[in-house]
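Note that the structure is predicted; figures quoted are calculated from it, not measured.
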Amino acid sequence: QVQLVESGGGLVQPGGSLRLSCAASGFRLDYYSIGWFRQAPGKEREGVSCISSSDGSTYYADSVKGRFTISRDNAKNTVYLQMNSLKPEDTAVYYCAARNLLFSVCVLGQYEYDYWGQGTQVTVSS
């Protein structure tokens with residue numbers, strides 16, 4: 001059974017950091033592209049970052065470039081999202097998702113992803 005479980009969210013002050021984890025079970029995470037998405041109250045879900053299974057290439061939304069870093073630990077079957085210099089506008093529920101296409105290039109479009117975690121809340125506030 002394919003399962004993704006996010007963790008690492010919480011409350012942090014502006015300028016702070018958090019590291020989100022996305023642990024996979026039921027499949028090898030490095031075979032599939034993984035994306036991080038977020039949804040703030042009253043807004044549509046948006047793509048934040050993704051990592052490709054084909055060549056490990058990474059992509060970021062303009063709003064997080066230079067502040068967020070996505071990485072993958074194949075031994076732990078886990079993808080991470082390191083978030084630095086957090087801003088109040090980063091407040092959202094963060095989801096990881098897997099694209100059910102072997103050895104593919106990742107994209108930030110949510111409709112390309114087939115398996116989703118339950119989400120973890122990130123709140124940036126003083």
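Judged as a side-chain hydrogen bond (donor to acceptor under 3.5 Å, both in side chains), and not counting sequence neighbours, T78 has no contacts.
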Margin query: Please determine whether side chain to side chain contact (heavy atoms under 4.5 Å, CB included) holds for the pair L11 and S125, giving the CA-CA distance in whole Å, both sets of side-chain angles, and the decisive distance to 0.1 Å.
Written below: CA-CA 7 Å; L11 173 63; S125 175; 4.2 Å; yes
Margin query: Show, in sequence, the C-alpha distance, side-chain angles and deciding distance for L102 and Y32, and conclude whether the side chain to side chain contact (heavy atoms under 4.5 Å, CB included) test is met.
Written below: CA-CA 5 Å; L102 282 174; Y32 300 91; 3.5 Å; yes
Note to self: side chain to side chain contact (heavy atoms under 4.5 Å, CB included) for M83 and R67? Distances and angles first, verdict last.
What the structure shows: CA-CA 6 Å; M83 306 187 296; R67 300 188 298 122; over 6 Å; no
Next item on the list: Walk me through it: do F68 and D90 pass the test side chain to side chain contact (heavy atoms under 4.5 Å, CB included)?
Entry: CA-CA 11 Å; F68 290 11; D90 294 317; 3.9 Å; yes
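D114 places a side-chain N or O within 3.5 Å of a backbone atom of N100 that can act as its donor or acceptor partner. When atom types are taken as modelled, the side chain of Y60 and the backbone of I70 share a donor-acceptor pair closer than 3.5 angstrom. Listed for the S57 side chain is no donor-acceptor partner under 3.5 Å among the backbone atoms of S52. A donor-acceptor pair under 3.5 Å is formed between the side chain of R99 and the backbone N or O of V105. Using a distance-only test at 3.5 Å, with no hydrogens or angles considered, a donor-acceptor pair links the side chain of T91 to the main chain of V124.
What you find for S53 and S104 is that their closest heavy atoms are OG-N, 2.8 Å. Residues R45 and Q39 share a closest heavy-atom pair of N-NE2, 3.8 Å.
Summarising the geometry, atom CZ belonging to R28 is positioned 7.0 Å from atom CG belonging to N74; distances are rounded to the nearest 0.5 Å. How far CD of Q13 is from OG1 of T123: 13.0 Å, rounded to the nearest 0.5 Å. Note: R72 CZ to S33 OG = 8.0 Å, rounded to the nearest 0.5 Å.
Residues I51 and L81 fall within the same hydrophobic cluster, defined by Ile, Leu, Val, Met, Phe, Trp and Tyr side chains chained together at heavy-atom separations under 4.5 Å. Under the 4.5 Å side-chain contact rule for hydrophobic residues, V64 and V12 share a cluster. Under a hydrophobic-cluster definition in which Ile, Leu, Val, Met, Phe, Trp and Tyr are linked whenever side-chain heavy atoms come within less than 4.5 Å, directly or via other members, L29 and Y80 are assigned to different clusters. Placement of V79 and L101 in two distinct hydrophobic clusters is found when ILVMFWY residues are connected by side-chain heavy-atom separations under 4.5 Å, directly or transitively. In the hydrophobic cluster analysis, where Ile, Leu, Val, Met, Phe, Trp and Tyr join through side-chain heavy atoms closer than 4.5 angstrom, Y94 is grouped apart from Y59.
Counting only residues at least two apart or on different chains, the ring-ring contact (aromatic ring centres under 6.0 Å, His included) pairs with a member in residues 98-117 are Y31-F103, F37-Y113, F37-W116.
With a 4.5 Å cut-off on side-chain heavy atoms, R38 and S63 count as touching. Side-chain atoms of P14 and P88, non-hydrogen and from C-beta on, do get closer than 4.5 Å to each other.
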Under 3.5 Å, which donor-acceptor pairs do the side chains of residues 1-9 form with other protein atoms, sequence neighbours left out?
unit_1, atom_1, unit_2, atom_2, d
E6, OE1, Q118, N, 2.9
E6, OE1, G119, N, 2.9
E6, OE2, C96, N, 2.8
E6, OE2, G119, N, 3.3

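Heavy-atom contacts from other residues, nucleotides or ligands closer than 6.0 Å to CD of E89 number more than 12.
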